[in-house]
Amino acid sequence: MQRARLPALIARIGQAGGAEAARATVAAGLTWQTCATLLHISDPYAGAVAALLIVETTVVATVSAAIRYAAGCLLGVLVAVPGALYTEPGMVGLALVVFASVLLARHGFLGHHGLHVPTTALITFALVRGRHAGELAVHLAEIVLGIGFGLACSVLLFPAVRVRSAERALDDLRLLVARYLDGLADAVVRRERPRNRLGAAWEDDLGTALNRARTAVDEAHESMRWNVRPTARRRRWHLDDRVLCTLSDVAGQVTTTGRLLDAHPDAAAGCRPGSAFAQPYARLLRTTALCAYSCRGGRPHPALPAARQALARLGTPGCDPPGTATPDRRLLRPLESALTCLSAPPPAPPARAHRLLDPLRPSARR
């Protein structure tokens, strides 16, 4: 029981940001101890604060935060030193330094780390004006040490790999697309509007799931960049952008089909007098749902060729002029686009350059 509870407890701590908090704590503690030992400072708060503020969830985000933090501090020093040395009286110099540093802090590159431009500028102005250049050098050395320890802890102390969250988001999107396709099939058979069958907010729910999957995949790719953990290198195949692109296209065609059925609830049943169209169309929707749920970046589902043949038997979309399109043809066009997206061949593995040796010619030995 205790062995089973321990991984669950670790997973919950990781979901609550425990790993990030642990890395920030270690970075701040190492910075404090190093500054106290090497720089002989009793309260090295500046370095500890720098280490805390740059530690992010991923290595890429930590490097970006460190660059912005360092740029903000450097700009503050560059603005404050001339104002403190060459501007008289002191109030005029202070006003100029504050004005220039606030303007620089609003630069889009710095983000929320732009706050460090006026903060560092005021500290630098006070220390240079009071002839405390040694204290300014120690203050900047603390910041450099804090940034260094923050980067080291983010890179080496179990950096996050957000692959499972992306896989769950893609699974939720696949399940939702398949469920809505099946619901559209039920609406066609029962001659109901999709809104009455799936709910009034089904399009918004599909868009939310799609945005969540895109965000999760982007975060997962970012977490694997510059990641030294071997898990990040083994799990690259789980995150195929092609799968997300395919599911996005299929979701768009599902939305189009639902809107057509909302506008013409009897189109699938009454567009061809004397012919049964609703039942084959519903079966085609359910087969498309099965293919969409099986879209995982590998080979297409075995039922996909049969679905394309059934689509061809129902009618060839796109052959009529735009003004003479019948309702059933308008219903078939989104399905044709969805099946075309799902039938795309799997991505080929990256080719590796191998050196071919002639078996009849012995290789030269040193």
Side-chain angles (χ1 to χ4, degrees), residues 10-20 23 55-65 67 111 154-155 158-182 201-256 258 288-301 304 334 337-351:
I10 294 176
R12 289 183 180 179
I13 293 175
Q15 292 177 359
E20 182 181 349
R23 287 192 293 269
V55 174
E56 298 287 345
T57 305
T58 62
V59 179
V60 177
T62 301
V63 172
S64 176
I67 292 174
S154 295
V155 171
F158 302 102
V161 180
R162 294 190 167 184
V163 175
R164 293 181 181 177
S165 58
E167 291 174 352
R168 286 194 295 267
L170 287 176
D171 286 339
D172 293 341
L173 180 60
R174 272 190 288 263
L175 180 61
L176 198 61
V177 169
R179 182 184 301 168
Y180 285 161
L181 280 169
D182 193 66
W202 72 274
E203 293 184 21
D204 296 335
D205 295 341
L206 186 59
T208 302
L210 185 58
N211 293 332
R212 189 185 302 116
R214 287 172 179 166
T215 303
V217 170
D218 291 340
E219 290 179 352
H221 279 295
E222 180 183 331
S223 70
M224 291 189 300
R225 289 177 58 194
W226 303 341
N227 202 320
V228 297
R229 292 178 64 180
T231 4
R233 305 181 186 278
R234 288 198 302 265
R235 287 179 174 174
R236 282 190 183 277
W237 62 275
H238 284 277
L239 296 174
D240 190 7
D241 287 327
R242 196 165 184 173
V243 175
L244 180 61
C245 182
T246 300
L247 291 175
S248 302
D249 294 340
V250 174
Q253 301 305 325
V254 170
T255 304
T256 303
T288 308
L290 181 62
C291 297
Y293 185 72
S294 303
C295 177
R296 300 179 182 274
R299 294 181 178 179
H301 195 273
L304 191 58
S337 300
L339 292 175
T340 302
C341 296
L342 291 170
S343 60

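Since we're looking at a predicted model, the values are computed, not measured.
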Inset, instruction - Can you measure from OG1 (T340) to CG (D249) and round to the nearest 0.5 angstrom? - result: 10.5 Å
Legend entry - Any side-chain heavy-atom pair of T62 and R23 under 4.5 Å: no
Inset, instruction - Can you see which heavy atom on V254 is nearest to which on W202, and at what distance? - result: O-CH2, 3.7 Å
Legend entry - Audit row: S165, R168, side-chain contact (heavy atoms from CB on, under 4.5 Å) steps and yes/no: CA-CA 5 Å; S165 58; R168 286 194 295 267; 3.9 Å; yes
Inset, instruction - List the atom of C295, the atom of R174, and the distance in Å for their closest heavy-atom pair. - result: O-NH1, 2.8 Å
Inset, instruction - Taking all heavy atoms of A213 and all of A169, pick out the closest pair and write down the distance. - result: CA-CB, 3.8 Å
Legend entry - Any donor-acceptor pair under 3.5 Å from N211 side chain to G207 backbone: yes
Legend entry - Side-chain donor/acceptor of S223 to backbone N/O of A220, under 3.5 Å: yes
Legend entry - V59 side chain reached by R225 side chain, heavy atoms, under 4.5 Å: no
Legend entry - Nearest atoms (heavy-atom pairs only) where A166 meets A216: CB-O, 3.6 Å
Inset, instruction - Mind checking the CD-OG1 spacing from E219 to T57? Nearest 0.5 Å is all I need. - result: 8.0 Å
Legend entry - Spacing of L342 atom CG and L304 atom CG [to the nearest 0.5 Å]: 6.5 Å
Legend entry - Closest non-hydrogen atom pair, E222 against A61: OE2-CB, 3.7 Å
Legend entry - D172 side, atom CG; T208 side, atom OG1 - distance, nearest 0.5 Å: 12.5 Å
Legend entry - Nearest atoms (heavy-atom pairs only) where V250 meets C341: CG2-CB, 4.4 Å
Inset, instruction - Would you confirm whether S294, through its side chain, and C291, through its main-chain N or O, come within 3.5 Å as a donor-acceptor pair? - result: no
Legend entry - Test item: D171 and R296 side chains (from C-beta on) under 4.5 Å apart, heavy atoms: yes
Legend entry - side-chain contact (heavy atoms from CB on, under 4.5 Å) between S248 and R214, worked out: CA-CA 9 Å; S248 302; R214 287 172 179 166; 3.7 Å; yes
Inset, instruction - Indicate yes or no for a side-chain donor-acceptor contact from S64 to the backbone of V60 under 3.5 Å, with no hydrogens or angles considered. - result: no
Legend entry - V177, L175, L181 screened by side chain to side chain contact (heavy atoms under 4.5 Å, CB included) with R179, the one that passes: L175
Inset, instruction - Report the distance from atom CG of L244 to atom CG of L170, rounding to the nearest 0.5 Å. - result: 6.0 Å
